Peer 1: 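To start, I am sharing the structure in question, which I have written as structure tokens.
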Amino acid sequence: MKHLLILFLSFTSLLSEAQSVNISVKTENAQGDTLQLIHDVLFLGENPASSAQVIRVSEGNGSQQLKFTADVNAVTLLELVYKKQHLFIFADKGDNIDLEFDGKDFFKSVKFKGSKASENDFLAKFNQQFSKEFNTSMMYAKLKESGVDAWEMALFDTKRAQTKFYREFPGKDNFSEDFKKYLENQIRWNYWHLLLAYPIVRGNSDPKVPNVLSLPSVLLEGLDEKKIQDENTMLSSEYRAFVNYYVTYYNSKDKGFVKYADMSKMIQDKHLFAREHLQGKAYQYILAGLLYDRCEQVLPSVARNVFSALSITPNSEAYAALIREKCGSIMSKKDEEVTKKADDSKNWFRMLSLKGDTLSLASLKGKVVYIDFWASWCGPCRMEFPYSKQLHAKLTDKQKKDIVFLYISIDDTVEIWKKQ
């Protein structure tokens, strides 16, 4: 099976001071395969204004050298994907990064040289050691089977193990300060992300439960509000996951932990909560995420309101361009158009009248509906018709306007039904 190598470049507007990161990849036993190198500067999983570069390892024998160039304007992460295996590369402006790997054993064979070699060698080992703890789908499935106290204890033990692995690693003193901050954020927010995910994931997994679980307050005492507002944390994927659950959980707490039935109301409330409790890049990221994931499920006026709030944040041009492309058609509509379409989509139960008209139950909203299911071959059913007519005759004119009598035949053919 062939694999693609795609290099996603960031938006020009974000790269006014960008410099190149040069990446040289030496491969063994990867003939005919390709790599995917992703640079997702907006952290939303898609960058429609990007260009793509595709490179495949040729079919020739022996080792081969691939070269890539990415433009960055600050410390960043590049994601190298080979046969569904993900390797994260820590990089900064002007770096020259060399790596090599053997296609027979990708992770164990990866070695770095050049810029950030010590950081990236450690990062590869760290992510491999704790791959399960950073696998969200696996952890979300696991939390459904655990009690809240046991879950928090397991997270605490994991955090301690991750910290120990980091602090005892030889050569860690040579890591750049930016890398140390990034790694410490990954460890810290992995714990808080998965703790706040506990009540939300469990609550969403059972639609019959009307409320979200409230976490014991003692478990949340260590959450440092000042660290939440640190804009330097945005590079951490665990912080970004955390901040989504932070808004979801604490907004839910403000609303009594009652689940939302109205998506528009939920987005409005989350927007207002984020405005009051977040700032800078985190606030901008939450607004962009709400629109990117939900704009097609909310009223146009709600989407426009959130988009306006996003647009006035500093340096929001790239986010605005992405959301305009994804949600522009929705935001251009009137609420009435969307609500009518939503109502029409509920008209799943349609009937044909004797006059040939099509009738749906949704069109009878607000009325009392008397429904009688019958069939031509059902004698007892037909015997009930006179009593139904007597009931209808006893109603006043006003009552007849508010009550609808439906006699629904389950006969196989229209001809038989019409003869009755």
Side-chain angles (χ1 to χ4, degrees), residues 8 10-11 13-19 21 38-45 47 70-79 88-95 97 115-116 118-120 122-124 126-127 130 133-134 136 159 162-163 165-167 169 172-197 222-247 250 273-290 310 313-319 322:
F8 289 100
S10 54
F11 287 94
S13 60
L14 291 181
L15 300 176
S16 57
E17 300 179 2
Q19 296 181 23
V21 172
I38 303 171
H39 186 203
D40 181 14
V41 294
L42 296 184
F43 309 122
L44 293 177
N47 203 334
D71 290 331
V72 305
N73 65 343
V75 290
T76 191
L77 281 181
L78 303 173
E79 184 177 358
F88 291 93
I89 302 172
F90 187 82
D92 198 358
K93 296 183 294 184
D95 280 349
I97 297 174
S115 306
K116 304 293 188 299
S118 58
E119 288 91 341
N120 283 311
F122 170 81
L123 187 59
F126 179 85
N127 286 337
F130 300 102
E133 287 76 10
F134 290 95
T136 54
K159 180 182 178 182
Q162 292 172 349
T163 302
F165 186 91
Y166 164 54
R167 289 179 176 174
F169 191 82
K172 77 173 182 64
D173 293 337
N174 296 324
F175 295 162
S176 69
E177 291 302 313
D178 286 328
F179 181 76
K180 291 178 181 178
K181 290 178 182 178
Y182 163 73
L183 192 71
E184 290 163 5
N185 280 324
Q186 283 289 89
I187 295 172
R188 175 185 298 111
W189 299 115
N190 180 240
Y191 171 88
W192 289 110
H193 153 212
L194 293 174
L195 182 61
L196 288 187
L223 185 57
D224 190 336
E225 293 290 332
K226 292 183 179 179
K227 287 185 170 61
I228 295 176
Q229 305 299 341
D230 183 0
E231 290 196 354
N232 294 322
T233 57
M234 281 299 297
L235 186 60
S236 166
S237 59
E238 291 303 301
Y239 171 77
R240 299 194 302 271
F242 157 78
V243 78
N244 275 302
Y245 281 108
Y246 170 75
V247 171
Y250 281 97
F273 179 89
R275 188 177 68 186
E276 294 299 319
H277 296 87
L278 295 176
Q279 59 189 26
K281 295 177 181 178
Y283 173 60
Q284 187 180 67
Y285 169 73
I286 286 295
L287 296 191
L290 288 174
L310 171 65
T313 61
N315 303 314
S316 62
E317 296 82 7
Y319 274 125
L322 177 64

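Because the structure is a prediction, the values reported are computed rather than measured. Sequence positions, counted from 1, serve as the residue numbers for this chain.
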Peer 1: For the residue pair Ile97 and Ser115, what are the closest heavy atoms and their distance?
Peer 2: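 Shortest heavy-atom contact: CG1-O, 3.6 Å.
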Peer 1: What's the shortest heavy-atom distance between Ser236 and Gln186, and which atoms?
Peer 2: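 The answer is OG-OE1, 2.6 Å.
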Peer 1: Side-chain contact, heavy-atom cut-off 4.5 Å: Ile89 with Asp95?
Peer 2: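 When only atoms from C-beta onward are counted, Asp95 and Ile89 do not touch, as no gap falls below 4.5 Å.
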Peer 1: Is any side-chain heavy atom of Leu223 less than 4.5 Å from a side-chain heavy atom of Ile228?
Peer 2: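 A side-chain contact exists here, since the closest heavy-atom pair is under 4.5 Å.
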Peer 1: Just grab all the salt bridge (charged side-chain N to carboxylate O under 4.0 Å, His left out) pairs involving residues 175-191, residues at least two apart or on different chains.
Peer 2: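 Salt bridge (charged side-chain N to carboxylate O under 4.0 Å, His left out) check on residues 175-191 returns Glu177-Lys180.
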Peer 1: Where is the tightest heavy-atom contact between Tyr166 and Leu183, given as atom of each residue plus distance?
Peer 2: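 Taking every non-hydrogen atom into account, CD1-CD2, 3.1 Å.
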Peer 1: Kindly indicate whether the side chain of Glu79, heavy atoms from C-beta on, has any atom under 4.5 Å from the side chain of Asp40.
Peer 2: no
Peer 1: Can you name the side chain to side chain donor-acceptor pair (under 3.5 Å) partners of Glu276, sequence neighbours left out?
Peer 2: none
Peer 1: What is the distance from atom OG of Ser176 to atom CD of Glu119, rounded to the nearest 0.5 Å?
Peer 2: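 Answer for the OG-CD pair, Ser176 versus Glu119, is 4.5 Å.
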Peer 1: Using side chain to side chain contact (heavy atoms under 4.5 Å, CB included) as the criterion, list what pairs up with Asp224, not counting sequence neighbours.
Peer 2: Lys226, Lys227
Peer 1: Heavy atoms, side chains only, cut-off 4.5 Å: are Phe90 and Leu77 in contact?
Peer 2: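 Sidechains of Leu77 and Phe90: in contact.
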Peer 1: Identify the two heavy atoms, one from Glu231 and one from Gly280, that lie closest to each other, and give their separation to 0.1 Å.
Peer 2: OE2-CA, 3.0 Å
Peer 1: Report the residues that fulfil side chain to side chain donor-acceptor pair (under 3.5 Å) with Asn190, sequence neighbours left out, ordered by chain and then residue number.
Peer 2: Gln162, Glu238
Peer 1: Looking only at heavy atoms, which two atoms of Ala74 and Lys93 are closest? And how far apart?
Peer 2: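 Looking at all heavy atoms of both residues, the shortest contact is N-CG, 3.8 Å.
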Peer 1: So how far is it from Leu44 CG to Arg240 CZ, rounded to the nearest 0.5 Å?
Peer 2: 9.0 Å
Peer 1: What residues, two or more places apart in sequence or in another chain, satisfy ring-ring contact (aromatic ring centres under 6.0 Å, His included) together with Phe273?
Peer 2: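 With sequence neighbours excluded, Phe273 shows a ring-ring contact (aromatic ring centres under 6.0 Å, His included) to Tyr246, His277, given in chain and number order.
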Peer 1: What residues form a side chain to side chain contact (heavy atoms under 4.5 Å, CB included) with Asp230, not counting sequence neighbours?
Peer 2: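 Asp230 satisfies side chain to side chain contact (heavy atoms under 4.5 Å, CB included) with Asn232, Thr233 once adjacent residues are dropped.
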Peer 1: Applying ring-ring contact (aromatic ring centres under 6.0 Å, His included), can you list everything that pairs with Phe130, at least two apart in sequence or on another chain?
Peer 2: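 Partners of Phe130 by the ring-ring contact (aromatic ring centres under 6.0 Å, His included) criterion, ordered by chain and then number, come out as Phe126, Phe165.
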Peer 1: Can you check side chain to side chain contact (heavy atoms under 4.5 Å, CB included) on Gln229 and Leu278, steps first, answer last?
Peer 2: CA-CA 7 Å; Gln229 305 299 341; Leu278 295 176; 4.2 Å; yes
Peer 1: Please enumerate all residues that pass side chain to side chain donor-acceptor pair (under 3.5 Å) together with Thr76, with sequence neighbours excluded.
Peer 2: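 Applying side chain to side chain donor-acceptor pair (under 3.5 Å) to Thr76 gives His39.
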Peer 1: Shortest non-hydrogen contact from Val21 to Asp92?
Peer 2: CG2-O, 3.1 Å
Peer 1: What donor-acceptor contacts under 3.5 angstrom involve side-chain atoms of residues 281-290, with partners at least two apart or in another chain?
Peer 2:
from	atom 1	to	atom 2	distance (Å)
Gln284	NE2	Thr313	OG1	3.0
Gln284	NE2	Pro314	O	3.0

Peer 1: Can you find a heavy atom in the side chain of Asn127 that is under 4.5 Å from one in the side chain of Phe88?
Peer 2: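 They are in contact (side-chain heavy atoms under 4.5 Å apart), so the answer is yes.
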Peer 1: Could you walk me through whether His193 and Thr136 pass the side chain to side chain contact (heavy atoms under 4.5 Å, CB included) test, one step at a time?
Peer 2: CA-CA 10 Å; His193 153 212; Thr136 54; 3.7 Å; yes
Peer 1: In chain order, what residues pass the side chain to side chain donor-acceptor pair (under 3.5 Å) check against Lys172, with sequence neighbours excluded?
Peer 2: none
Peer 1: Once ring-ring contact (aromatic ring centres under 6.0 Å, His included) is applied, do any residues pair with Phe175, and if so which ones, sequence neighbours excluded?
Peer 2: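 Applying ring-ring contact (aromatic ring centres under 6.0 Å, His included) to Phe175 gives Phe122, Phe179.
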Peer 1: Going from CG on Leu194 to CH2 on Trp189, what distance comes out if it is rounded to the nearest 0.5 angstrom?
Peer 2: 13.0 Å
